[in-house]
Protein chains: 2
Amino acid sequence: MKEPLPKFSYLSPMLSKKTKYGLKALAHLASQKDNRPVQIAEIAKHENISQKFLESILLSLRKTGFLGSKKGKGGGYYLIKDPKEILMTDVMRILEGPIAMVPCVSLNFYEKCDDCPDENTCSVNKLMLKVRDANLAVYRNNTLADLII
Amino acid sequence: MKEPLPKFSYLSPMLSKKTKYGLKALAHLASQKDNRPVQIAEIAKHENISQKFLESILLSLRKTGFLGSKKGKGGGYYLIKDPKEILMTDVMRILEGPIAMVPCVSLNFYEKCDDCPDENTCSVNKLMLKVRDANLAVYRNNTLADLII
DNA sequence: TGTTTACTCTATTAAATTGATAGGATAATT
DNA sequence: AATTATCCTATCAATTTAATAGAGTAAACA
């Protein structure tokens with residue numbers, strides 16, 4: 001007895017909204033002619049993002065050295081580095097977390113899997129190592145500049 | 001003011017336990033000399049998996065045509081196809097769901113992102129398309145046979 | 001024929017995470 | 001001093017995950 005493919009509703013997509021919003025905001029800032037500060041409200045409106053949620057995302061991008069901010073009138077957020085110098089590996093690690101799908105194959109956040117006795121004979125480890133390498137290759141070969149048309 | 005890299009505890013790894021357990025169980029079955037039925041309890045014990053949880057995973061793999069089952073004494077689960085014929089794309093789609101990280105770049109589960117006005121100018125779409133292709137390449141080029149030592 | 005074995009199915013649960021919101025504090029500009 | 005806009009803390013509902021319980025069903029075997 002076979003069943004049809006299960007219907008995934010994508011109610012919980014694998015890419016978090018945080019990352020999605022963060023990427024869109026960065027791309028928005030990178031699209032500015034000069035590097036003028038852009039207000040949260042403007043980004044939120046233009047990119048269809050909850051303003052309060054976006055606030056916390058931009059804040060974390062500022063604290064990790066991607067963005068600068070200016071308070072008061074005419075204030076807002078702006079890119080600190082050239083978009084061509086902003087690697088997706090760094091952005092993704094800040095916004096989404098580890099790139100590896102299991103801790104035991106993570107470069108920056110390695111942890112032993114608590115349930116796995118031996119990584120060398122683990123089939124999951126073997127597959128996820130290849131997946132990690134494939135993803136890393138993409139993120140390393142793409143900068144913020146590559147995301148804007 | 002900069003912050004150190006956030007510490008991801010990997011409390012919620014991106015690969016679900018369901019997929020992890022499912023892969024391990026499939027690999028366990030593929031490692032059997034003959035294709036004899038293996039009891040749930042044996043797999044669970046050998047692979048450090050909650051037996052009841054594993055039950056439901058194996059059931060879904062049976063209903064989707066990967067496994068056969070035999071009841072009663074000497075019963076258990078067994079592979080229906082040759083491990084070399086079992087593509088990781090198919091396994092991952094059953095266990096984990098869509099391979100794409102956003103619905104708007106999914107081959108098998110396409111959906112328009114509700115918050116995005118135009119996919120053609122979406123920076124997230126652009127990046128996630130590349131990620132999907134990279135992941136697909138890995139999953140297409142690996143079979144269950146490739147997971148066992 | 002009856003007992004044992006082992007898969008099948010439904011339902012429930014605690015814990016964690018996500019995404020969103022509210023409200024006020026702070027700092028810079030005018 | 002007043003306005004603007006970032007900064008920070010706390011809270012919230014909804015969802016998902018992982019695990020467990022318990023009863024039902026079918027096959028093998030003595």
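Chain A is the first sequence line, chain B the second, and so forth, proteins listed ahead of strands; every chain is numbered from 1. What you see is a predicted model; the values in this text were computed from it and never measured.
The side chain of A:Ser50 places an N or O atom within less than 4.0 Å of a non-bridging phosphate oxygen (OP1 or OP2) of C:dT21. Remark: A:Tyr77 is not in phosphate contact with D:dA5, judged by side-chain N or O atoms under 4.0 Å from OP1 or OP2. Under 4.0 angstrom from either OP1 or OP2 of D:dC8 there lies no side-chain N or O belonging to A:Ser56. Checking the phosphate oxygens (OP1, OP2) of D:dC7, a side-chain nitrogen or oxygen of A:Ser69 falls inside 4.0 Å. Between B:Tyr21 and D:dA19, a side-chain N or O to OP1/OP2 separation shorter than 4.0 Å is present.
Contact annotation: the side chain of A:Val102 never approaches that of A:Asn125 to less than 4.5 Å [non-hydrogen atoms, C-beta and beyond]. At a threshold of 4.5 Å between non-hydrogen side-chain atoms, the residues A:Ile86 and A:Leu26 do not count as touching. Using a 4.5 Å heavy-atom threshold, the side chains of B:Arg93 and B:Ile99 count as touching. In this structure, B:Thr143 and B:Asp82 have side chains that are not in contact, with every pair of non-hydrogen atoms separated by 4.5 Å or more.
Set against D:dC7, C:dA20, D:dA18, the side chain of A:Leu59 has D:dC7 as its closest nucleotide. Among the nucleotides D:dA18, C:dT21, D:dC8, the one closest to the side chain of A:Lys63 is D:dC8.
Nucleic acid contact for B:Ile40: sugar-phosphate only, since backbone atoms but no base atoms lie under 4.0 Å from a heavy atom of the residue.
Going from atom CG of B:Asp115 over to atom C1' of C:dG19 covers 12 Å, rounded to whole Å. In this structure, NZ of A:Lys71 is placed 13 Å from P of C:dA25, rounded to the nearest angstrom. When rounded to the nearest whole Å, the span between CZ of B:Phe53 and P of D:dG22 equals 20 Å. Atom NZ of A:Lys17 and atom C1' of D:dA14 are 13 Å apart (whole Å). Per the geometry, OH belonging to B:Tyr78 stands 14 Å off C1' belonging to C:dA6, to the nearest Å. The distance from atom CD1 of A:Ile57 to atom P of D:dC7 is 14 Å, rounded to the nearest whole Å. A straight line from CG of A:Leu58 to P of D:dT6 spans 8 Å, rounded to a whole angstrom. Computed from coordinates, the B:Gln39 CD to C:dT4 P distance equals 17 Å when rounded to whole Å.
At a cut-off of 3.5 angstrom, the base of C:dG23 holds at least one donor-acceptor pair with the side chain of A:Lys52. In this model, a side-chain donor or acceptor of A:Glu55 finds a partner on the base of D:dC7 within 3.5 Å.
Nearest-nucleotide positions on DNA chain C place A:Thr19 closer to the 5' end than the other of A:Thr19 and A:Lys73. Toward the 5′ end of DNA chain C lies the nearest nucleotide of A:Lys18, the other residue of the pair A:Lys18 and A:Lys70 mapping further downstream.
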Evaluate side chain to side chain contact (heavy atoms under 4.5 Å, CB included) for A:Leu29 paired with A:Ile43, printing each intermediate quantity in order.
-> CA-CA 8 Å; A:Leu29 292 175; A:Ile43 304 175; 4.0 Å; yes

